[in-house]
Amino acid sequence: MPIIYLAVAALAIGFEQLVQWKYGPMGIIAFLALSLGIKAKNTMIGGIGAVILVMLLAQ
């Protein structure tokens, strides 16, 4: 079971680094807002993060 948690953490860190490399600081802010919104079940923060990510992807 700890191996699964380690693998998930490694994938999350890898994805975060990819977003930061490709989209810069705004990508990290959007990713953090989206993940915090999902974890806290706050649709407003999650929606803001999702909208920023979509805007970055639509460039």
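What you see below is based on every heavy atom in this structure, not just the backbone, and it leaves out hydrogens, waters and symmetry mates. Each residue takes its place number in the sequence, starting with 1.
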Practice item. Give the minimum heavy-atom separation between Gly49 and Ala33, together with the two atoms involved. Key: CA-CB, 3.8 Å
Exercise for review: Write down the atom of Ile52, the atom of Met26, and the distance for their closest heavy-atom approach.
Suggested key: CG2-CE, 3.9 Å
Practice item. Identify the heavy atoms of Leu53 and Ala30 that sit nearest to each other, and give their distance. Key: CG-CB, 3.7 Å
Revision key, fill the gap. Distance col, row Ile29:CD1 vs Leu34:CG, nearest 0.5 angstrom, shows 13.5 Å
**Study point:** Value rounded to 0.5 Å, distance of CD1 in Ile48 from CG in Asn42
**Key:** 8.5 Å
